[in-house]
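These numbers come from a predicted model, not from an experiment. For the numbers below, each heavy atom of this structure counts, side chains included, while hydrogens, waters and symmetry mates do not.
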Amino acid sequence: MSSSSKAMLPKNKAPKTDGSKHLTHADTASRFERQYGNAKSKKLKQINELENNSNHPNATIPATRTVTEIKQKCKVAVAQLKKHSDSDLLPASTELSSVLSCGFGQARSVSALNTAFDISASGYNVFAVGEKGLGKRTFITQYLCSKGHKQAELKDWIYTHNFHQPNKPLAIALSPGTAQKLSSELCNIWQHLINRLSTMPTTEYEENNKLDPINSPNQANKKTASNKKATATSHNIYKLSQHLQKIAEEAITPLFNSLFEQFHQNEKLLAFLSAMQQDLIVHAPLIYQGQDERFVPAPNQLLPDRYNINIISANAPNLPLEYGLKQTQHHTPDRAPIVFEPNPTSDNILGKINQSLHAGSTLSNHMMIKPGALHKANGGYLILEASHINEHPEAWHGLKLALRTSRLSPVEARQNATLGDNLLTPEAIPLENKIILLGESDLYDHYAEQDTEFLSLFKIRADFHEEIIRTVDNEVQMAAKMADIIAKYKLKHFDSTAQAAVLEFLSLLCEDQNKLSLHTDSLIQIMLEANRLASVNQATLVSASHVKQALTDISYRSSYLKELYLQEITDGQQLISTSGTAIGQINALTIIDYADSEFGMPALLTAVVQHSVGSGDILDIERDVELGGSLHAKGMLIMNSYLRALFSPYHPLNFTASLAFEQSYAHIDGDSATLAEACALLSALADTPISQSLGITGSMNQLGRVQAVGGINAKVAGFFDACLHQGLTGNQGVIMPYANISQLMLRDDIITAVQDGKFHIYGVKSLSEALTILADMPVDTLNKKGRYRKSSLFGKIIKNLKKWEEQLNPPEDSEEAEQDSDTTAKMTDKKSNVKLTDKKLR
């Protein structure tokens with residue numbers, strides 16, 4: 001059972017009436033307390049007087065009103081059952097819609113995002129808080145793509161071989177868009193060198209390495225000849241190496257000079273290029289031979305790893321800003337990257353270092369460094385789902401470390417423990433980006449309470465609204481949002497009637513006639529299904545009939561369990577009666593929630609009273625068997641307190657009562673059954689039947705005022721369906737809090753039944769009004785002496801309390817006690833007279 005925090009407005013004090021007219025309990029509160037008042041009732045009067053000073057109109061029940069008048073006043077008009085959108089005020093087609101305003105419906109979150117993105121200091125990362133399905137990621141991405149907040153000077157980052165310390169690759173920053181160009185230039189240099197070296201005849205190389213046969217007559221001569229040949233061979237190889245090095249130098253020097261001129265301002269890159277140039281020249285012979293793996297390109301590569309560069313992040317200035325359904329990277333107008341990582345594991349966030357097995361040992365180099373999402377988003381924005389990264393503690397700790405130090409390195413001990421002496425420790429890259437976590441409020445609270453570093457690293461909380469005020473301007477903007485979705489998913493355009501039907505659905509989602517839901521997932525679903533129906537019917541535009549049929553289809557798919565419940569009511573397996581009257585039982589309206597299926601349904605609530613026992617104690621069976629939640633228990637205690645304040649001034653509460661939801665075997669929570677419980681209990685105390693044709697829901701405070709509850713549309717629909725299954729009689733209906741009337745967005749068939757007088761909706765402000773409708777009799781009218789009239793329901797309760805007290809103390813005992821009291825009084829009077837006579841004599 002759901003509940004709402006919206007409280008009912010207080011009831012104003014009723015006007016005075018003459019003695020010939022019936023008075024209510026509220027009209028004669030002062031007289032009531034003079035005669036029966038105690039500390040509790042006096043306190044209640046003070047509270048009532050403070051509440052009654054409010055100027056809320058029509059908040060009282062006139063003393064002269066009859067039961068019929070009360071019913072008529074509480075009856076909700078047909079026009080109040082649903083708010084319709086005027087299709088004439090909407091675009092004729094979504095094709096004609098205006099451009100969607102950036103930040104529509106999310107002014108608070110936009111303000112938070114602007115603050116975070118305009119401050120470059122560390123710690124100003126964002127946690128976007130909002131219900132799942134609001135479209136937080138899409139909104140933030142589109143906002144960044146339209147506004148643009150460049151976090152830092154954009155750079156391309158590369159890792160290169162370190163010719164001085166091979167196990168410590170160098171991280172070098174380049175101007176945006178130059179990394180790919182540098183890679184191409186290095187490939188050209190390598191290819192040019194290979195082409196020049198290949199011009200040297202193979203016969204010349206073989207001739208210089210050829211060993212002529214020696215025919216010496218003895219062993220000594222053979223040894224001398226062998227030494228001469230070795231010396232000659234070494235000399236030839238040395239000369240050949242110098243020749244190859246000279247060819248290499250002549251071939252690549254002009255090309256490197258061109259690179260030196262292009263990158264003359266990048267000293268770190270110049271140092272690498274200079275070291276690479278010398279290494280190519282020195283190892284020209286090995287390159288020529290092509291037998292050393294270090295100087296041979298790997299398969300599918302153009303360069304050997306030692307001369308290649310590993311592009312970790314690159315910014316291409318001319319990439320198109322196209323929105324794709326599966327696209328995970330975008331750019332701001334300033335070309336800052338926007339990256340979303342759907343699977344935030346440690347490797348995907350921080351990067352990793354791959355390994356290769358060679359000759360029984362594990363090797364790694366700078367080309368095996370794989371960038372993570374933080375590398376790709378450097379200088380821009382990284383968006384992560386908080387619930388997903390919460391599943392990977394290593395990734396979360398690594399992310400916090402990177403944010404604390406503003407440094408990023410893929411090195412991790414667990415990845416490199418097997419490398420031994422070949423442990424690769426790349427140079428760290430400065431981290432200059434913003435992290436945006438997406439999550440619900442309970443997850444934000446969890447992080448804030450459990451992680452001491454969280455609030456210092458995520459200083460900005462951006463709250464996303466779940467709803468927006470339903471004005472004409474906002475309805476037009478929502479039509480523009482529909483046009484946005486149509487463009488994204490390539491749907492048919494919606495005409496004005498279809499737009500109006502969707503807007504009414506959005507009001508139903510947030511259960512408020514004057515608000516529109518911003519739940520994007522639900523909006524997309526209904527639009528996709530309506531578009532499907534339009535396509536099946538070969539319609540040019542989507543109309544209201546397609547939207548309504550889509551809503552019916554969605555309801556039908558999720559109503560299997562509801563149909564089972566209704567069938568059990570029809571078959572008599574669930575003892576629910578929607579006609580006649582009964583004492584101490586009532587149809588309480590509840591919400592049944594199973595996974596993705598949520599619907600309203602009546603539940604039989606019964607109250608049993610054992611008189612002449614106890615002191616007004618009320619047993620909550622659901623709580624005692626641990627099927628009732630804390631909110632349900634709170635509602636019971638509030639009702640108990642109200643009843644004590646109501647009747648204890650008149651008579652001791654000499655009864656014990658018990659309340660239970662019959663045939664309920666699931667957990668029950670919420671205080672929306674408080675009003676129903678009070679009505680059932682008062683019916684049992686008064687021994688007065690109440691209507692079973694009416695379902696009731698509502699919370700109640702200690703002053704008897706009815707408060708708003710949640711799920712009102714589902715509850716009304718649930719009881720209507722139950723009545724429909726058993727047959728509409730024309731007397732059936734729902735009693736609900738007056739405060740919930742503005743939340744009604746009922747189905748068309750329910751509205752039609754109300755309009756035809758086959759079903760009724762009553763909005764009540766007090767327990768008295770609800771009981772008047774249920775019992776079809778006055779409840780708390782008072783006579784001239786300020787006592788409840790015997791014909792009223794409360795008067796019957798007082799009568800029963802008195803009767804039960806007499807059963808405990810029979811009249812005989814009372815008469816003897818009165819005689820003893822009279823005798824004592826007479827003796828006291830005689831003694832007093834004697835004393836007075838004595839005084840006169842003196």
Student: Checking Asp86 side chain against Asp88 main chain: does a donor-acceptor pair fall under 3.5 Å?
Tutor: yes
Student: Under the criterion side chain to side chain contact (heavy atoms under 4.5 Å, CB included), I'd like the reasoning laid out for Thr697 against Leu675: C-alpha separation, chi angles, the key distance, then a yes or no.
Tutor: CA-CA 7 Å; Thr697 183; Leu675 182 61; over 6 Å; no
Student: Mind telling me whether Phe759 and Phe719 have parallel, tilted or perpendicular rings, with 30° and 60° as the class edges?
Tutor: tilted
Student: Could you check whether any side-chain N or O of Ser672 sits under 3.5 Å from a backbone N or O of Val709, counting only pairs where one atom can act as donor and the other as acceptor?
Tutor: no
Student: Is any NZ, NE, NH1 or NH2 atom of the basic residue among Glu466 and Lys515 found under 4.0 Å from an Asp or Glu carboxylate oxygen of the other?
Tutor: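 The answer is no: the pair does not qualify as a salt bridge.
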Student: Determine whether the side chains of Ser507 and Gln513 contain a donor N or O and an acceptor N or O closer than 3.5 Å.
Tutor: no
Student: Between Arg557 and Glu529, is a salt bridge (Lys or Arg N to Asp or Glu O under 4.0 Å) present by the stated rule, with each step listed?
Tutor: CA-CA 13 Å; Arg557 291 198 303 267; Glu529 298 201 21; 2.7 Å; yes
Student: Between Gln732 and His760 (side chain of the first, backbone of the second, donor and acceptor by atom type, cut-off under 3.5 Å), is there such a pair?
Tutor: no
Student: Apply salt bridge (Lys or Arg N to Asp or Glu O under 4.0 Å) to the pair Glu440 and Lys132, showing each step before the final yes or no.
Tutor: CA-CA 7 Å; Glu440 299 183 0; Lys132 193 173 182 63; over 6 Å; no
Student: Ignoring hydrogens and angles, state whether a donor on the side chain of Ser768 or Ser766 is under 3.5 Å from an acceptor on the partner side chain.
Tutor: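 Not at all, the side chains of Ser768 and Ser766 share no donor-acceptor pair under 3.5 Å.
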Student: Ion pair present between Lys82 and Asp748, side-chain N to carboxylate O less than 4.0 angstrom?
Tutor: yes
Student: Table please: side-chain donor-acceptor pairs of residues 96-105 below 3.5 Å, with sequence neighbours left out.
Tutor:
{"residue": "Ser97", "atom": "OG", "partner": "Thr94", "partner atom": "O", "Å": "3.0"}
{"residue": "Ser101", "atom": "OG", "partner": "Gln477", "partner atom": "OE1", "Å": "3.2"}

Student: I'd like to know if Asp721 and Arg747 make a salt bridge, using a cut-off of under 4.0 Å between side-chain N and carboxylate O.
Tutor: yes
Student: Pick one: which of Leu533, Thr497, Asp495 meets side-chain contact (heavy atoms from CB on, under 4.5 Å) with His546?
Tutor: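 The side-chain contact (heavy atoms from CB on, under 4.5 Å) with His546 is passed solely by Leu533 among Leu533, Thr497, Asp495.
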Student: Do you see a donor-acceptor pair shorter than 3.5 Å between the side chains of Thr578 and Gln726?
Tutor: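 Yes, Gln726 and Thr578 have a side-chain donor paired with an acceptor closer than 3.5 Å.
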Student: In Å, rounded to the nearest 0.5 Å, how long is the span from CD1 of Ile485 to OG1 of Thr520?
Tutor: 6.5 Å
Student: Is there a donor-acceptor contact under 3.5 Å linking the side chains of Lys758 and Thr729?
Tutor: no
Student: Can you find a side-chain donor-acceptor pair between Asp553 and Gln549 that sits under 3.5 Å?
Tutor: yes
Student: Donor-acceptor check, side chain of Glu341 to backbone of Asn343, threshold 3.5 angstrom: yes or no?
Tutor: yes
Student: Without hydrogens or angle criteria, can the side chains of Asp473 and Thr471 be said to hold a donor-acceptor pair below 3.5 Å?
Tutor: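 Absent: no donor and acceptor within the cut-off.
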Student: Taking Lys765's backbone N and O only, do any of them form a donor-acceptor pair with Glu769's side chain (distance below 3.5 Å, no angle check)?
Tutor: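 Confirmed, Glu769 side chain pairs with Lys765 backbone.
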Student: With no hydrogens and no angle check, just 3.5 Å: does a side-chain donor-acceptor pair link Thr570 and His725?
Tutor: yes
Student: Counting C-beta onward and ignoring hydrogens, is there a side-chain heavy-atom pair between His84 and Glu504 closer than 4.5 Å?
Tutor: yes
Student: Can any side-chain N or O of Arg137 pair as donor or acceptor with the backbone N or O of Phe340 at less than 3.5 Å?
Tutor: no
Student: Would you call Ser109 and Ser111 a side-chain contact if the rule is heavy atoms closer than 4.5 Å?
Tutor: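 The answer is no; the side chains never approach within 4.5 Å.
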